[in-house]
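Numbers restart at 1 for each chain; the letters A, B, ... are given by sequence-line order, proteins then strands. If you're wondering where the values come from, they're calculated on a predicted model, not measured in any experiment.
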Amino acid sequence: MSGMSGAGAAELAGARERWVRTGGIELCVVELGEKGRPTVLLVHGYPDSKEVWTEVAERLATRFHVVLYDVRGHGRSTAPQPLRGGFTLEKLTDDFLAVADAVSPDRPVHLVGHDWGSVQGWEFATVGRTEGRIASFTSMSGPSLDHFGHWIKKRMARPTPRAAAQLLGQGAKSWYVYMLHTPVLPELAWRGPLGKRWPAMLQRVEKVPAGSYPTASLPSDAAHGAWLYRDNVRPRLRRPRADAYAHVPVQLITPTGDAFLSERLYDGLERWAPDLLRRTLPAKHWIPRTRPDQLASWIADFVSAREEPTSRALGQKAPAKYADRFGGQLVLITGAASGIGRATAFAFAEAGARVVAVDRDAEGAARTADMARLVGAREAWAECVDVSDEQAMEKLAVKVAAEYGIVDVLVNNAGIGLSGSFLDTTAEDWKKVLDVNLWGVIHGCRIFGRQMAERGQGGHIVNTASAAAYLPSRTLPAYSTSKAAVLMLSECLRAELASKSIGVSAICPGIVNTNITATSRFAGVDEAEERRRQERSSRLYGLRNFPPEKVADAILRAVVRNEAVVPVTPESKGALWMSRFTPRVLRRIARLEPRL
Amino acid sequence: MAGDTRQRTARHSGRLCADLNGFREVQRLSYECAEAVAARLRPGVTEREAARMQREWLRERGVRDWFHLPFAWFGDRTAFANFRIPLQFFPTNRRLEPGMPFILDMAPVYKGFSADIGYSGSLGLNPVQDRLMADLQAHRALILEQVRERRSLREIYEDVERLMNRQGYANRHRAYPFGVIAHKIDRVRERRWSPTVFGFGTQSLKGLAGDALHGHREGWSPLWSPYHFSDHPPQPGLWAVEPHLGFRGTGAKFEEILVVTDSRDPEESAFWLDDDLPHVRRWAEEEKAA
């Protein structure tokens with residue numbers, strides 16, 4: 001057997017190969033993991049072979065019985081003769097049932113499909129004869145042709161401006177489908193220049209990491225696979241089935257940067273799939289190659305929830321905002337024992353993330369983690385670390401990576417306040433504020449950002465700057481300097497990490513009711529006066545009463561939309577506008593000395 | 001614990017003792033009403049219906065006047081989410097769903113004594129609200145301790161808020177009119193006709209306005225707020241104290257009467273009127289279980 005396995009299968013440690021005969025063709029099937037475990041069946045797309053799944057399959061194999069097969073005409077499975085009419089969804093369903101019966105005769109399988117694998121998966125999940133053979137279906141980047149047909153019909157029947165725009169948008173993204181309907185030319189292209197250049201194109205345009213994928217069978221996979229489109233697309237779009245209801249729970253994973261499929265295709269999908277869990281991922285089309293960690297974790301969660309009814313009951317709560325985006329992701333927040341950091345931890349927790357709350361106040365961080373679990377965090381941990389301590393941060397990063405995983409979202413939020421004129425501010429004061437506000441952010445970005453970049457599966461860094469970053473004043477020279485540095489650092493880092501799909505956002509909250517005022521240092525005054533000013537400023541901030549929860553919402557939104565600079569409060573927005581268009585006015589205002 | 005209070009109050013003058021018994025009676029009646037109505041809440045019941053159930057329950061037992069008419073808040077309205085104007089406090093057609101938190105708040109006048117109570121619960125399990133309720137225990141202790149120390153009400157208010165922040169909660173009593181954590185209550189003269197204005201009994205409002213006038217002359221206020229006018233030591237009398245925690249769409253509060261006297265003995269200078277109330281019993285049970 002091992003002698004027969006192809007280049008891709010050889011990569012998979014412990015893979016067992018077998019052949020399944022059905023309808024006059026032979027399908028190449030590969031199994032991983034223990035047989036007694038729940039079976040996860042991965043179906044590849046176009047122009048691919050089962051090797052597209054290697055990264056995901058390896059990660060799933062530790063927990064499940066993982067099965068992959070080459071769709072007829074692809075990889076090492078044989079092609080039907082003649083090709084025309086040999087790739088209808090009915091025949092592909094026969095193939096699926098044959099494989100499922102061979103690898104898991106007694107228990108239904110958990111189906112996962114990407115691209116055309118997902119188009120097939122929708123067919124399997126919505127036709128009657130597969131009932132009882134599928135336990136769940138995870139769909140990525142491949143709609144049901146029937147749903148797609150209804151989607152088009154509905155918009156054609158009532159072409160409001162929005163509906164028309166959606167039709168045109170998807171119509172433009174489907175250019176390759178029209179090309180594939182021309183006779184012979186696609187085959188010639190794939191077996192000729194396109195087949196040769198495809199791997200390099202994938203790397204350049206789709207950011208698929210170089211390696212053994214795509215395999216050598218690509219030209220014939222792509223040539224045969226053209227019949228998937230020719231046999232199915234026109235008949236199904238013209239006469240979509242009216243009863244294409246999913247009889248299994250469905251998890252829909254939508255990459256937001258997909259060049260071929262609009263996110264709008266899945267609007268109203270709940271009608272067809274009543275038990276639907278949505279996930280979104282900032283990535284391009286080939287997520288099995290570019291985001292294997294995230295996919296494996298979402299598939300594992302979904303499958304486990306269906307296998308263990310108790311954990312499913314817990315997941316029944318109405319999904320929070322952004323739960324589709326952050327569910328199961330690892331989020332690390334510094335300065336999480338109070339104020340904006342704590343509110344951010346809770347917001348991510350509500351969205352189902354796994355939260356690491358970091359603060360030098362151990363008790364507060366523990367409380368944050370505790371409450372985060374209560375509002376929905378899958379897991380939450382507290383870590384007592386001073387962000388200005390480089391070695392402690394290094395140690396933290398090692399521990400987090402080893403025990404919890406690579407951080408998906410990093411929020412460098414820890415900061416301290418320092419008020420007082422420049423001439424009153426001592427070198428000691430400067431050092432303190434820069435150590436936390438700037439060096440803390442630098443350490444976080446450097447250490448955790450490196451881990452993110454090395455993993456190569458994207459991520460996001462949020463740095464809490466301040467409206468003071470672009471608002472000159474005579475009262476906050478040191479604080480403003482530190483925050484201006486954070487703002488510029490974020491902008492530079494954003495430019496650098498964009499190529500690695502890591503977003504960087506700078507948040508400029510403004511006047512927010514947190515305890516930063518109560519712990520701020522006021523330079524150049526005695527202790528009693530400092531105490532008085534702390535109280536006074538706390539009261540003023542209390543009167544302004546802008547809640548940190550709104551800043552937390554802005555942070556989540558910034559991550560979802562990958563925003564660069566996010567002013568939060570109206571005064572912060574106003575100041576940003578003025579700093580651009582009327583800087584002289586701001587400079588005038590900066591000369592005023594506010595009385596505390 | 002209840003016996004304790006009774007002994008303590010017995011040492012006060014006869015009139016005060018009788019008064020306290022009257023206040024205690026109406027407070028107990030109110031909590032009984034809250035428990036009875038809470039037991040009758042079902043999925044689909046609206047806030048208005050819950051408020052009406054409280055009103056009818058109390059009317060049947062002889063309540064004719066109100067400090068304020070009963071309120072009921074369901075779901076994220078327990079945390080006063082997006083409350084901008086006071087009219088939003090009034091009961092709406094929001095329906096109760098399984099797992100939803102709710103708060104019942106009523107202030108009846110009974111035999112000339114008024115009480116103002118708040119009762120938090122949930123329909124079925126709600127771990128978040130359970131935690132909020134458990135954490136309110138520290139606030140009850142803190143308020144009593146600081147009142148006995150005769151600290152300024154404004155400072156106590158700020159300390160309570162700090163404790164809430166440390167616990168990770170938002171201060172939701174700030175949403176009440178004047179942001180009050182407590183207000184004075186007193187005896188109310190029984191009249192044959194006792195109208196309400198915007199849900200508040202005119203007799204009680206008259207009493208409060210009288211207090212406000214006296215207080216203004218003497219430098220204190222019947223409203224315990226975060227503002228300058230509350231920057232004075234606790235004024236002897238009865239205070240309905242209502243710390244209200246909010247946490248991401250879930251709120252919880254208790255409200256009960258704190259007795260402040262001019263006694264020099266710290267124990268007697270301030271004490272909770274009644275220690276045999278649902279939330280106090282609940283904490284005691286939790287302690288026993290732990």
Nearest heavy-atom neighbours spanning B:V128 and A:V375 | CG2-CG1, 4.5 Å
Which pair of non-hydrogen atoms, one from A:M371 and one from B:Q167, has the smallest distance, and what is that distance?
-> CG-O, 4.3 Å
Does [X] have more than 12 heavy atoms from other residues, nucleotides or ligands lying within 6.0 Å of its [atom1]?
| X | atom1 | value |
| --- | --- | --- |
| B:E218 | CD | yes |
| B:L125 | CG | no |
| A:D526 | CG | yes |
| A:R536 | CZ | no |

Side chain of A:R342, backbone of B:Y169: donor and acceptor closer than 3.5 Å?
-> no
Of all the residues in residues 351-370 of chain A, which have a heavy atom that comes within less than 4.5 Å of a heavy atom in chain B?
-> A:R367, A:D370
Which of A:G339, A:A337, A:A518, A:A347 touches chain B most, by non-hydrogen pairs under 4.5 Å = A:A347
What distance separates [X] [atom1] from [Y] [atom2], expressed to the nearest 0.5 Å?
| X | Y | atom1 | atom2 | result |
| --- | --- | --- | --- | --- |
| B:R248 | A:E350 | CZ | CD | 4.0 Å |
| A:S538 | B:E161 | OG | CD | 9.5 Å |
| B:D130 | A:L374 | CG | CG | 9.0 Å |

Less than 4.5 Å apart, any side-chain heavy atom of A:R539 and any of B:R154?
-> yes
Taking side chain as everything from C-beta outward and backbone as N, CA, C, O, which of these in [X] sits under 4.5 Å from a heavy atom of chain A? Side chain, backbone, both or neither.
| X | value |
| --- | --- |
| B:R166 | backbone |
| B:N126 | neither |
| B:R174 | side chain |

